[in-house]
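So you know, we letter chains A, B, ... as the sequences are listed, proteins then strands, and number each from 1. Note that these values count all heavy atoms, side chains included, but never hydrogens, waters or copies made by symmetry.
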Amino acid sequence: MRFTREFYCRDVLEVAPDLIGTILVRNKGINSSRYLITEVEAYRGEEDQACHARFGLTSRNAIMYDAGGKVYVYLVYGMYWMLNIVAGAAGTPQAVLIRGITGYDGPGKLTRALEIDKGFYGEDLVMSDTLWLEESPVKHRFIQTFRIGIDYASEPWKSMPWRYLIRPQELSASKISIV
DNA sequence: AGCAAGATCGGT
DNA sequence: CCGATCTTGCTG
């Protein structure tokens with residue numbers, strides 16, 4: 001079952017952990033592939049000094065100010081596309097960075113594998129026929145740590161436990177082999 | 001208009 | 001640890 005708008009229009013700190021263990025579907029027309037989401041990070045509002053919205057509304061982060069369910073894609077280090085899911089109500093700039101899926105560890109590697117780039121900026125996961133999310137087939141537990149690659153941020157944002165990853169023991173379990 | 005820095009990755 | 005690579009957004 002594909003997620004509806006309401007799922008995404010909650011606070012990012014609720015949406016992010018709920019995305020662990022859900023299914024990312026990439027339809028390239030002739031063939032569609034399904035991946036289980038294993039790792040995400042939450043970025044929350046203009047006050048979050050690690051978030052791209054910390055300087056307010058800009059052309060790059062504009063989609064984050066939309067209602068949840070849209071895709072926020074941007075280029076980092078001149079060569080890697082980052083896939084984010086916009087969360088929260090309209091006017092609240094929040095997003096979930098997809099850091100890992102089954103088969104691919106790392107946000108830059110998974111976008112390269114799924115052929116996701118600037119063209120997906122603003123894509124609506126509720127309506128799209130090329131990219132969407134579906135409910136988790138199995139309930140997964142997760143652990144939390146601080147976010148990666150945000151040394152530029154100040155405290156307390158740098159240390160917020162807003163990185164969520166599937167428990168290692170559940171990764172090795174056979175229950176995720178269905179994907 | 002110029003420039004520093006970046007939500008990364010792969011090779012030393 | 002370091003370089004690749006180029007867009008973004010701040011600063012002047």
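When the ring pair (Phe, Tyr, Trp, His ring centres under 6.0 Å) test is applied to Tyr104(A), no partner is found at least two apart in sequence or on another chain. For Glu135(A), the salt bridge (charged side-chain N to carboxylate O under 4.0 Å, His left out) test picks out no residue, with sequence neighbours left out.
Residue Ala50(A) is classed as a base contact, given a heavy-atom separation below 4.0 Å to a base. Contacts of Arg163(A) with the nucleic acid, taken as non-hydrogen atoms under 4.0 Å apart, are absent. Heavy atoms of Leu97(A) sit under 4.0 angstrom from at least one base atom.
Taking a heavy-atom distance under 4.0 Å as the criterion, the stretch of DNA chain B touched by chain A extends 5' to 3' from dG6(B) to dG10(B).
Other cluster members for Ile148(A): Phe146(A), joined by side-chain heavy-atom distances under 4.5 Å among Ile, Leu, Val, Met, Phe, Trp and Tyr.
Nearest heavy-atom pair, Ala16(A) versus Tyr164(A), reported as atom, atom and distance to 0.1 Å: CB-CE1, 3.6 Å. Nearest heavy atoms, Asp129(A) versus Asn27(A): O-ND2, 3.2 Å.
Looking at His140(A) and Leu36(A), their side chains come closer than 4.5 Å, going by heavy atoms from C-beta outward.
Both Leu114(A) and Leu125(A) are members of a single hydrophobic cluster when ILVMFWY side chains are connected at heavy-atom separations under 4.5 Å. Taken together through direct or relayed side-chain contacts under 4.5 Å among Ile, Leu, Val, Met, Phe, Trp and Tyr, Leu83(A) and Val12(A) form part of one hydrophobic cluster.
Between the side chains of Thr145(A) and Arg163(A), a donor-acceptor pair is found at a separation under 3.5 Å. Defined by atom type and a distance below 3.5 Å, a donor-acceptor pair is present between the side-chain atoms of Tyr65(A) and Glu46(A).
Counting non-hydrogen atoms of other residues, nucleotides and ligands closer than 6.0 Å to CG of Asp105(A) gives a total of 12 or fewer.
Between Ile148(A) and Arg112(A), it is Ile148(A) whose nearest contact on DNA chain B lies nearer the 5' terminus. In this structure, Asp151(A) and Gly106(A) both approach DNA chain B, and ranking their closest nucleotides by distance from the 5' end singles out Asp151(A).
Counting only Watson-Crick and G-U wobble pairs whose two distances sit under 3.5 Å, DNA chain C takes part in these stems of three or more pairs: B:1-6 with C:6-11, B:8-11 with C:1-4.
The separation of dA5(B) from dC2(C), taken at their P atoms, amounts to 16 Å, rounded to a whole angstrom.
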Report, as a single string ordered 5' to 3', how protein heavy atoms within less than 4.0 Å touch nucleotides 3-12 of chain C: B base, S sugar-phosphate only, - not at all.
-> -BBBSSSS--

